[in-house]
Amino acid sequence: MDRKWKWVLSSGALLVIFLGRMTTALEVPLDPKVLEGLPQPPTITHQSPKDFIIDPRENILIYCEAKGKPHPSFSWTRNGTHFDVEKDSKVLMKPSSGTLVIDISGEKAEAYEGIYQCTARNEHGTAVSNNIVIRQSRSPLWSKERKEAIMVQVGVSLVLQCRPPAGLPPPIIFWMDNNFQRLPQNTRVSQALNGDLYFSNVLLDDTRNDYICYARFPHTQTIQQKQPITVKVLDMDAINETVAAMYNYTNNLFVDSPSGERRPSFMAPLGRSSTQMALRGGVLELECIAEGLPTPEVSWYKESGDLPSSRMSFHNFQKTLKIADVMEADAGDYRCTAKNSLGSAHHTIKVNVKAAPFWISAPRNLILAPKETGILTCRVSGDPKPQIAWSVNGVPVEDSPKDMSRKVEDDTVILSDVQTGSSAVYQCNASNEFGYLLANAFVNVLAEAPRVLTPPNNVYQVITNNPAFLDCASFGSPIPTITWFKDSQTSILNRDPYVIHNNGTLEINVAQSLNSGKYTCIASNNLGTKENHVYLEVKEPTRILAQPEYMVVQRNRKAVFECKVKHDPTLIPTMNWLKDNGELPDDERFLVDTDSLTINDVTEEDEGTYTCVMNTTLDQDSASAMLTVVEEPDPPTDLELTDQRERSVQLTWIPGDEHNSPTQKFLVQYEDLLHQAGVWHNLTEEEGTKTTAHLDLSPYAYYSFRVLALNHVGYSQPSQPSRQYRTNPAAPDVNPTDVQGVGTEHNNLVISWKELTGLQSNGPGLQYKVNWRQKDVEEDWSSETVANASKYVVSGTPTFVPYEVKVQAVNDYGNGPAPEAVVGYSGEDVPMSAPESVQVLVQNGTLAEVHWEPVLTSMVRGRLQGYKVSYWRERSLHQAEAQQEEQQVLAFSGNRTDGRLPGLKPYSLYTLNIRVVNGKGEGPLSPNHNFETPEGVPGPPSFLRIKNTNMDSLTLEWGPPQDNNGRLTGYTLKYQPVNNSNELGPVEEMTFPANETTITLADLKYSTRYKFYFNAKTIKGSGPTITEEAITIMDEAFIQQPIVDVVKGYTEPHLPISPITQSLRPQFYKVHPIGSAFTNVNSSVVGEEGAVISWEYFGPDKNVYVEYIVENSKEDWTKEFVNGSSGSQTYLIKGLKPGTSYRVRVVVKDHSEATIHSTEELVITLPEAMKSNQVDLATQGWFIGLMCAIALLILVLLIICFIKRNKGGKYPVKEKEDAHQDPEIQPMKDDDGTFGEYSDTEDHKPLKGSRTPSNGTVKRDDSDDSLVDYGEGGDGQFNEDGSFIGQYSGKKEKDTHEGNESSEAPSPVNAMNSFV
C-alpha cells in the first residue's frame, strides 16, 4: 500500500512528520554491527544451480551457504530421503557451512547422481535450497560404421549427415579435413543446427575424401571424430552414354535429383510450414536451408509484425534467424523465402512461446513488531499457469501445526496479530511442466528501538540548482518514523523544496546556497528515539567562461585554445584536454597551461575536435572546438595537351589535395626552351573550379607548361612540366614599342625602340627596319635595317626640327605589320638671346610685378621650358652703404611674359635680371634692372627691459627694431595695472621720439602688477607690439604672511589674466631674453632675517629653485623649490642671519638635477640686529655658581638629619606626628637662602617644611632671585626610608600659595631636584 504522510502542527512546538508505514517495508540491514544483536531466521545466501553437470574427473562440490542469528545448522536430502553425511567417508561438509565436498577418487561418479536439497535451520526457522540435480557429464564414442563413397552429379543438392552420439551436455559440431582445417562454408555450403553439412548444389571442386565431422564435449574437453566421408562429383555430360547407363544400372549410388538449373526448394525444414516452440527468456533459432541452381538467397520476415531488431541476428549466411531473450510478443508466423533467378520458395514456421514460472514479485522477508500484521506475496506467471504451494520451515502448510494468526490464500499469506516467538521461514514453490521457482522468506518478530545506520556528521556536497539527497537510513521494529530538522530549529515540511522518501532520505529538489547548514534526522518508534546530524554544503557550479573557438591554422603554425573557467573556490578543479574524446597525443608539441592548450608546429594529424573538461569532485563542465589544419594545396598532376593547333592548345590537369582550403584559382606558366630556357612566365589564370585552360601560343617557340594552385594559404608547388609543344615560324605579329626620336646633340636625331622578345620574333632572322623623314618637308623616307639593336643615330640634322620616325620588325618569314609614324625632334642648343623690354611694377613694400617680351622661337633653339628671374636686395634706403643679400631665383614655366616677386622688404633697393631656359640649358642674362620698395610699418622693438623696480616707480629700457622698414617716427607705450581678482585697471598711454631708449615711470602703486605694451612707428603706421609685466616692490608694513612658507612649500600666487591682453595677444610679439630664460631679476630685504626675490621666467621647464649661500663661504648652496610657471614670480627667503651678506640666484634644473638655466648672482646684505639692554640672568656665571652652592648645602643638611634620626634622637615634634598626616612645604628665606630653624616653642603651629608638588611643577616668584614657591600645610608624618622626621620653621609670608597635596613625602634627592 502507499505510504501516507500526516502533519501535526502545535503552537510553540516543532513540526513533526509522521510516516504511515508498510509492514512489508522493513528489511534486515546488512550492517554487521546491527546484525550482531538481532535474532534472525536462516536465509540461503548461495547454492549450486538446479541442473548441475559435473566432470567425473573432479570432486563434486555442492554449494549451500546460509546466514542467520544464531548461525544455522545444515542437513541434506538425496532423492527425497535424508542423506547422512557422516556415514559416508567420501562426503565432507565444510565447517559453519552446508557445502558438500564429495571425493570420487576410486569411485564412480554415477553413484552420487541424484536430486539433492539442503536445509538450514536455527531456533527461529528453517530454510531450504532448490532441488539440485547432479548429473555426470558424458562424451560417448562414435559407433563404428562403414562409409562408402558418395557419387553425385554436378549441380544436384547433397546432405552429409553427422549424427553425433548423445552427450551431456550436447557436443559442439564442426567439419574439418584431414589437416584439421575447417571446411570453407558459404551460401552454397553450410552447416545446419543439427550438425549436418548441406550443399545447395555441388560442384566438381567438392570432390574430396576427407569430409570429417567432429564433436567437442565441453565439460571433458574431448573431441570425437567421425569416419571420413568421400564425395565424388561427376559431370555426366562428359561420360559416354553407355558408361553412364552401366553405372546407373550397376551402382545405385547417385542421388536421385535433377542436375540442371532449377527453382529453389527447401531441404530443411520440409514442406510449406512447420511448428516450433520457444521458452520465454530463452533463445529462438529458426532455420531454413534451400537447394537450387543457381544457389538461392534466403530472406526472413514476420507475417504479423516486425522482427525485433534489437534482439535479432542472422547467422549461417542468412539461413538462421536468432532471437535472444524471447518474449511473448515473439510468437507468430515467421516466413523464410529462398530465391534465385528461376523463382522462389516459401516456408512458414509457426512459433509458440511458452514460459517456465517467472517472478512478478517474490516474497520478501518481514520484520514485524508484536501485535503487527504482515503479508507475504508470491506472485508468479508462466505458460501454462504455475501451481503455487506454501511451506513453513520446510513443511507444507497443510501438514504444519495449525496457526490461527496465519491465513493462506493462493499466492498470499496473511499474518495477523503476530506474537513474540512466532518467527518462521516460509517457502513458496511455483511450478509448471517447464520448471519451478522456490523462494524462502522469513517472518522475524522483533521489538527493537530505533537505530540510525547513516554515519554521523556526514558532509554532503552538492552543486547549486541540483538535487541534494541527505541519507537517514534507520532500523527499528516497529518501523521508525523519520523527522528532519534544519539548524536544530525548524521542522522540515514534506513539501517544496523538501521531499522525505520512504527510506528516510531527505531530498531537496533544487539546492540553493541558503540550504547549506546542519540537518538533524530523528528516528523514533514506541521503544525510543535516535538522532543523527549531517551537513549540507551547496557549492557554486563549475562554468567555462571563455570557451575554445573553432580554429583554422596553417601547417607548422601554432594553435591556441583558451578555456577559462569559474568554479567554487572551495573545490579543487582539474583541467583535462581531450582530442576526439580520447587522450591527447604523447607529444611535446602539446602544451597544457592553466587555462589554455597550445599546439606548436601543427600537422595534419592534429586535426580534430578538442575538448576542455573541467572536473571537480562534484561536477564538471566541458566545451569543444574543432581544429582545421590548412596548407598550400598539393600541385596539380597529370597535365595533358589536347586540341593542338598552330596558335593554340588545350591544357587539362587533375587538382591536388586542397588541404581544407578551397582552391581559388590556377596559374598556368610556360617555359620557352628555344629562347629563354629555365625561365617560367605567367600565361593565364583559371578559376579554382576549372581543370582546363585554352592557351593562345606564339609561333617559333618550344613550349612547356606547368600549373600552380592557389588557396587562401598560398600557392602550391608547381606541377611537373607538360610534354614539349613546338610551334612553327611565321612573320612577326607586332612591331617594336616605345619608339622615340630625340636628339642628343644639336645636329643629330637618335631613334630608339624597345626590342621584341624571342617569343615575339615569330621566327629566325629578326631585324628592325628604321624609317625617318623631316616633318612638313616634301622628301622621301630614309630607311636603314639593323639587327640586335635598340636605337639608330641619324647625323647632320638641323637643330631642333620635327621628324617622323617609324620602326618595323622583319624576319626570314616576312615583315611585321605596317608601323605607325611617331614625331620626334632633333637635338637642341642653348638659347641665343635674352628677354627684352623688362619692366617692374611695385605693388607695395613687399610685392612687385615684373614684365618682359618673350624670346623668339628661332632664338630659343629648343623646347621652351620657361623663364628664370633672379633678384636680390642691394641695401635699405636709409643706409648709405650697400649690403647685398643672397640672390633669389624664381622660375616661371611655359611661355610666360610676367611674374610676381613676393617677400620683398620695404624701403629697400632691389636688382633683377631674366633669362630664357630650354632643354639644353639657360640663355644669356638680360641687363640688370633696379627698383625701390616703399616704406612699411616697422618690426617689433628689439627688447623691452624693466629695471630699478621700487615701491612706486620703475624704469623701462628698449632697443630700436632690427627692421625699421622706413624712417622711425617714434614709440608708443601703453600700460595698466592688474589686481588679484583678474581685473584690469585704466590704460595709460605715452609716446616717445625715435631717439629715446629709456623712461622712468613714477607715481605707481606699491605691490601692484603692471602690464606694458610697446611698439615702434613709421609714417606707414605702428609695428607689432611687445609686452612685459612687472610688480612694484611691497611696502614692508604689509609683509605679514610670507609668499613662500619654508615648511609648507610654495603657494602659487593667483595672477589675474586680462581679457584685453588675451584679445590683443595674437598681434603682440613677446620678446624673450636672448641666451637666458630669466629677466627682470630683482631683490629686496624684508626685516632683519628675510629677503624677497622677484623675476620673470619664460622657459618650458618647471623645476625652478632659489639658491643662496653666505658670501665667501665654501659650504653648499641652500636650495628651495619654487613652482616654475612662466611669467613673473616672487619668493620670500626666511631665516637669514642679520648682518650677513648672501649670494642669491634662481636656477632651473632638469630631471637629473643638472642646471640648465641660471640668473646672475645677486648680493643681499641684511642689517645688523638691534642691541638689547636686558640681561638673561640664567646665562650669568655668578648665578649658576650660587645655585650649585645652595644645592650642595641642602644635600649636607639632609644627610645630617638622617644620621641623627638613625641614632634615635628625640624630637619634640613626635607628639604631633600622629595628629598631622600631610606635610607642607616652607619656602626658603629670601635673605640667606637657608632653611628655617627648628623651634620647640612651635609645637602647636602647623609644620613647615619643603616638598615638590605632586605634579612636578614649580611656580616662579616675582623676584628674579626666588626659585620656588613653598606651600603651607599641616603636620607631616614621615617614615624611616629617608623622609623628613622633624619640623622646620622659617619666615612666614602673608602671600603664600598652597601646594598640591600628596600622600607620599619626597626623598632628599627629590627635594634637591626641586631646586635644580
Side-chain angles (χ1 to χ4, degrees), residues 461-464 466 537 539-638 653-667 669 680 688 706-721:
Q461 294 180 335
V462 69
I463 297 298
T464 302
N466 285 343
E537 296 178 356
K539 306 293 186 179
E540 290 297 320
T542 302
R543 291 291 179 265
I544 295 178
L545 302 181
Q547 299 186 356
E549 297 180 351
Y550 171 71
M551 297 194 69
V552 178
V553 181
Q554 294 186 25
R555 188 175 181 271
N556 296 326
R557 298 285 182 89
K558 179 172 69 174
V560 179
F561 290 105
E562 288 191 354
C563 187
K564 295 184 179 179
V565 181
K566 177 184 178 183
H567 62 87
D568 191 285
T570 63
L571 299 178
I572 300 176
T574 302
M575 174 71 76
N576 189 26
W577 285 90
L578 306 176
K579 179 180 184 291
D580 296 330
N581 294 324
E583 293 184 356
L584 290 179
D586 185 12
D587 193 329
E588 61 183 8
R589 296 182 300 108
F590 289 77
L591 303 177
V592 177
D593 205 348
T594 304
D595 52 7
S596 65
L597 169 65
T598 302
I599 308 174
N600 294 314
D601 299 327
V602 170
T603 64
E604 289 183 349
E605 290 75 16
D606 298 332
E607 283 189 339
T609 301
Y610 289 85
T611 304
C612 73
V613 181
M614 175 59 72
N615 290 293
T616 66
T617 54
L618 296 182
D619 69 338
Q620 72 169 30
D621 195 13
S622 63
S624 301
M626 288 187 61
L627 173 63
T628 299
V629 181
V630 297
E631 58 179 306
E632 300 89 351
D634 288 344
T637 58
D638 298 338
W653 61 87
I654 297 177
D657 191 342
E658 295 180 333
H659 295 294
N660 299 318
S661 179
T663 302
Q664 299 171 350
K665 66 179 180 180
F666 292 99
L667 173 63
Q669 296 180 329
W680 290 88
R706 70 182 187 184
V707 183
L708 292 82
L710 174 70
N711 62 12
H712 86 277
V713 179
Y715 277 103
S716 69
Q717 292 296 317
S719 67
Q720 291 297 319

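For clarity, every value in this text was computed on a predicted model and none was experimentally measured. Residues: numbered from 1 along the sequence shown.
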Do you know the tightest heavy-atom contact between [X] and [Y]?
{"X": "V613", "Y": "N615", "value": "CG1-ND2, 3.4 Å"}
{"X": "E549", "Y": "M551", "value": "O-CG, 3.1 Å"}
{"X": "E658", "Y": "N711", "value": "O-ND2, 3.5 Å"}
{"X": "Y610", "Y": "K579", "value": "OH-CE, 3.2 Å"}
{"X": "L578", "Y": "N576", "value": "CD2-ND2, 3.7 Å"}
{"X": "G714", "Y": "E632", "value": "C-CG, 4.0 Å"}

Check whether any side-chain heavy atom of [X] lies under 4.5 Å from a side-chain heavy atom of [Y], and answer yes or no.
{"X": "I544", "Y": "C612", "answer": "yes"}
{"X": "T616", "Y": "T574", "answer": "no"}
{"X": "V552", "Y": "N660", "answer": "no"}
{"X": "V629", "Y": "V553", "answer": "no"}
{"X": "T609", "Y": "N581", "answer": "no"}
{"X": "P655", "Y": "P636", "answer": "no"}
{"X": "E604", "Y": "H659", "answer": "yes"}
{"X": "L627", "Y": "F561", "answer": "yes"}

>> Pair E540, I463 - check side chain to side chain contact (heavy atoms under 4.5 Å, CB included), show working.
In response: CA-CA 6 Å; E540 290 297 320; I463 297 298; over 6 Å; no

>> Whether the T464 and K539 side chains hold a donor-acceptor pair (N or O, under 3.5 Å, no angle test) is what I'd like checked.
In response: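 No, no side-chain donor-acceptor pair sits under 3.5 Å.
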
> Just by distance, with hydrogens left out, do H712 and Q664 show a side-chain donor and acceptor under 3.5 Å apart?
Replying inline: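 Not at all, the side chains of H712 and Q664 share no donor-acceptor pair under 3.5 Å.
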
>> Test ring-ring contact (aromatic ring centres under 6.0 Å, His included) on F666 and W653; report intermediate values, then the result.
In response: CA-CA 10 Å; F666 292 99; W653 61 87; 5.3 Å; yes

> Hey, is K558 close enough to D601 for a salt bridge, meaning N to O under 4.0 Å?
Replying inline: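 Salt bridge: no.
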
Taking atom [atom1] of [X] and atom [atom2] of [Y], what is their separation to the nearest 0.5 Å?
{"X": "N466", "Y": "L618", "atom1": "CG", "atom2": "CG", "value": "9.0 Å"}
{"X": "E562", "Y": "K564", "atom1": "CD", "atom2": "NZ", "value": "5.0 Å"}
{"X": "W577", "Y": "L591", "atom1": "CH2", "atom2": "CG", "value": "12.5 Å"}
{"X": "I599", "Y": "R557", "atom1": "CD1", "atom2": "CZ", "value": "15.5 Å"}
{"X": "L708", "Y": "L667", "atom1": "CG", "atom2": "CG", "value": "5.5 Å"}
{"X": "L545", "Y": "D621", "atom1": "CG", "atom2": "CG", "value": "9.0 Å"}

>> Would you say CZ of R589 has more than 12 non-hydrogen atoms from neighbouring residues, nucleotides or ligands within 6.0 angstrom?
In response: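 Yes - once you tally the heavy atoms of other residues, nucleotides and ligands closer than 6.0 Å, there are more than 12.
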
> Yes or no on side chain to side chain contact (heavy atoms under 4.5 Å, CB included) for L584 and V592, after CA distance, side-chain angles and deciding distance?
Replying inline: CA-CA 10 Å; L584 290 179; V592 177; 3.9 Å; yes

> What's the verdict on side chain to side chain contact (heavy atoms under 4.5 Å, CB included) for T542 and K566, showing C-alpha distance, side-chain angles and the deciding distance?
Replying inline: CA-CA 6 Å; T542 302; K566 177 184 178 183; over 6 Å; no

Under 3.5 Å: donor-acceptor pair, side chain of [X], backbone of [Y]:
{"X": "R706", "Y": "Q720", "answer": "no"}
{"X": "T663", "Y": "A709", "answer": "no"}
{"X": "D634", "Y": "G656", "answer": "no"}
{"X": "D580", "Y": "G582", "answer": "no"}
{"X": "D595", "Y": "C563", "answer": "no"}

> Run the side chain to side chain contact (heavy atoms under 4.5 Å, CB included) check on E631 and Q554 step by step: do they pass?
Replying inline: CA-CA 5 Å; E631 58 179 306; Q554 294 186 25; 6.0 Å; no

